[in-house]
Every structure is written in structure tokens, then in C-alpha cells.
Engineer: 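Below you'll find the structure I mean.
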Amino acid sequence: MAEYSAQIVWQRDSGEAFTDHRYSRGHQWFFDGGMTVPASSSSHIVPLPYSIEANVDPEEAFVASLSSCHMLFFLSVAAKRKFVIEYYEDNAVGKMEKNEDGKIAMTEVTLKPKVIFSGEHQPSRDVLETMHHESHEACFIANSVKTEVKIEIIL
């Protein structure tokens, strides 16, 4: 159907020994559209100063990918139903812990979408839940992972 790519680049600083594990985890993600994203390990996993707290870490990116994919499908579902969305916000949270195999994994991501519709055509709570369910079922990223994805609609 399609291929997607990203270039990930890390380089050791000449002053770092590396084998002592005292090296920066800061690196760059390069995307084909020209965007460069500064990335790092999470400071929850590799302590500062070896992680760069301001950079995006893979765990945050995973949560953001699920949230973004869900949102994009939700916008489409709403448009098909003739609802006009003015604003969409999701304060998604990922939970990392040991899974059933005893491995550390992102076991759960909770999406917390808050959607503001305009005009008189407003969805009921039931319709809103159905729209989020349809969006979740269609989301490519959610369909690709074992992580449990929960949706807590914020009104």
C-alpha cells in the first residue's frame, strides 16, 4: 500500500568514552518532508544529563502517534457526519510496565480527547462515543500494536 521512512542519526561526542555508558542519548529524527526532530531517551530510563529532557523520546512519540492517528480519523468521521469541529485536543497518557511476558512495554495508552463542535448540529454522547469507536477501529497505528488503547472522552 505505502512505505514510510525516517532517518535516525546519533553521533558520539569526541569527549565521551562510550563504553562507560556516560554518553549523550541525544539524536535526530529526519523525515522525508524536511522536518528534523531532536530526540533522546526518556529521562525516566536514562538519567540526566545523558538524556535530553527537552527532546522527544520514543515513548512520547508512540503515545503521540496513537493520538494523532485517532484524531485524524475522528476528524474524517465527523466531517462525513456533517459535524463541524472547531477544536480538538488530546492529553494522551501512556503507561509503561511489565506485560504478561514479563517484558517492559507500553501496555496501555489512554486517549483523552476534548472536541469542540460549532453550529447547531451537535453530537449526542452516544454519537460521540460511536464516532470515537469508529475512529479507533480505523486507526492504522492502533491496529498495529498490542497496546491497549482506551478512550476517555472529555466534555
Engineer: According to side chain to side chain contact (heavy atoms under 4.5 Å, CB included), who are the partners of V84, at least two apart in sequence or on a separate chain?
Structural biologist: E86, S118
Engineer: Kindly give the heavy-atom pair with the smallest separation between S135 and V77, and that separation in Å.
Structural biologist: OG-CG2, 3.9 Å
Engineer: Show the atom names and distances, to 0.1 Å, of all donor-acceptor pairs under 3.5 Å that link a side chain in residues 3-10 to residues at least two apart or in another chain.
Structural biologist:
residue	atom	partner	partner atom	Å
W10	NE1	S24	O	2.7

Engineer: Who passes side chain to side chain contact (heavy atoms under 4.5 Å, CB included) against D126, sequence neighbours left out?
Structural biologist: S124, E129
Engineer: Nearest heavy-atom pair of P38 and N55: which atoms, and what distance?
Structural biologist: O-CB, 3.4 Å
Engineer: Output every pair passing salt bridge (Lys or Arg N to Asp or Glu O under 4.0 Å) with a member in residues 45-70, not counting sequence neighbours, ordered by first then second residue.
Structural biologist: none
Engineer: Same cluster or not: are V56 and M35 linked, directly or through other Ile, Leu, Val, Met, Phe, Trp or Tyr residues, by side-chain heavy atoms under 4.5 angstrom apart?
Structural biologist: yes
Engineer: Could you tell me which residues satisfy side chain to side chain contact (heavy atoms under 4.5 Å, CB included) with D13, sequence neighbours excluded, listed by chain and number?
Structural biologist: E16
Engineer: Take T36 and W29 through the side-chain contact (heavy atoms from CB on, under 4.5 Å) test and state the conclusion after the steps.
Structural biologist: CA-CA 6 Å; T36 300; W29 296 347; over 6 Å; no
Engineer: Rounded to the nearest 0.5 Å, how far apart are CG of L111 and CG of L66?
Structural biologist: 6.5 Å
Engineer: Side chain to side chain donor-acceptor pair (under 3.5 Å): which pairs involve residues 91-100, sequence neighbours left out?
Structural biologist: E89-N91, E97-T107
Engineer: Among pairs that include at least one residue of residues 65-84, which meet salt bridge (Lys or Arg N to Asp or Glu O under 4.0 Å), considering only residues two or more places apart or in two chains?
Structural biologist: R81-E134
Engineer: So, for H27 and S40, which heavy atoms are closest and what is the spacing to 0.1 Å?
Structural biologist: CE1-N, 3.5 Å
Engineer: Could you tell me which non-hydrogen atom of S42 sits nearest to which non-hydrogen atom of S51, and how far apart they are?
Structural biologist: O-OG, 3.4 Å
Engineer: So which pairs with a foot in residues 89-119 pass ring pair (Phe, Tyr, Trp, His ring centres under 6.0 Å), sequence neighbours left out?
Structural biologist: F83-F117
Engineer: Would you mind listing every salt bridge (Lys or Arg N to Asp or Glu O under 4.0 Å) that reaches into residues 21-48, with sequence neighbours excluded?
Structural biologist: none
Engineer: Do the side chains of Q28 and V37 get nearer than 4.5 Å, heavy atoms only?
Structural biologist: no
Engineer: Any ring pair (Phe, Tyr, Trp, His ring centres under 6.0 Å) involving residues 89-111? Give me the pairs, sequence neighbours left out, ordered by first then second residue.
Structural biologist: none
Engineer: Should F73 and V63 be regarded as members of a common hydrophobic cluster, given that ILVMFWY residues are connected when their side-chain heavy atoms come within less than 4.5 Å of each other, either directly or indirectly?
Structural biologist: no
Engineer: Table please: side-chain donor-acceptor pairs of residues 141-155 below 3.5 Å, with sequence neighbours left out.
Structural biologist:
residue	atom	partner	partner atom	Å
N143	ND2	E137	O	3.1
N143	ND2	C139	O	3.1
S144	OG	F140	O	2.6
T147	OG1	M106	O	2.7
K150	NZ	E108	OE1	3.3

Engineer: Is there a side-chain contact between D90 and H70 (heavy atoms, below 4.5 Å)?
Structural biologist: no
Engineer: State, to 0.1 Å, how close P113 and Y88 come at their nearest heavy-atom pair, and which atoms those are.
Structural biologist: CB-OH, 3.4 Å
Engineer: Please, which pairs that meet ring pair (Phe, Tyr, Trp, His ring centres under 6.0 Å) have at least one residue in residues 31-66, sequence neighbours excluded?
Structural biologist: none
Engineer: Taking all non-hydrogen atoms of both residues into account, name the closest pair between I52 and G26 and its distance.
Structural biologist: CD1-CA, 3.6 Å
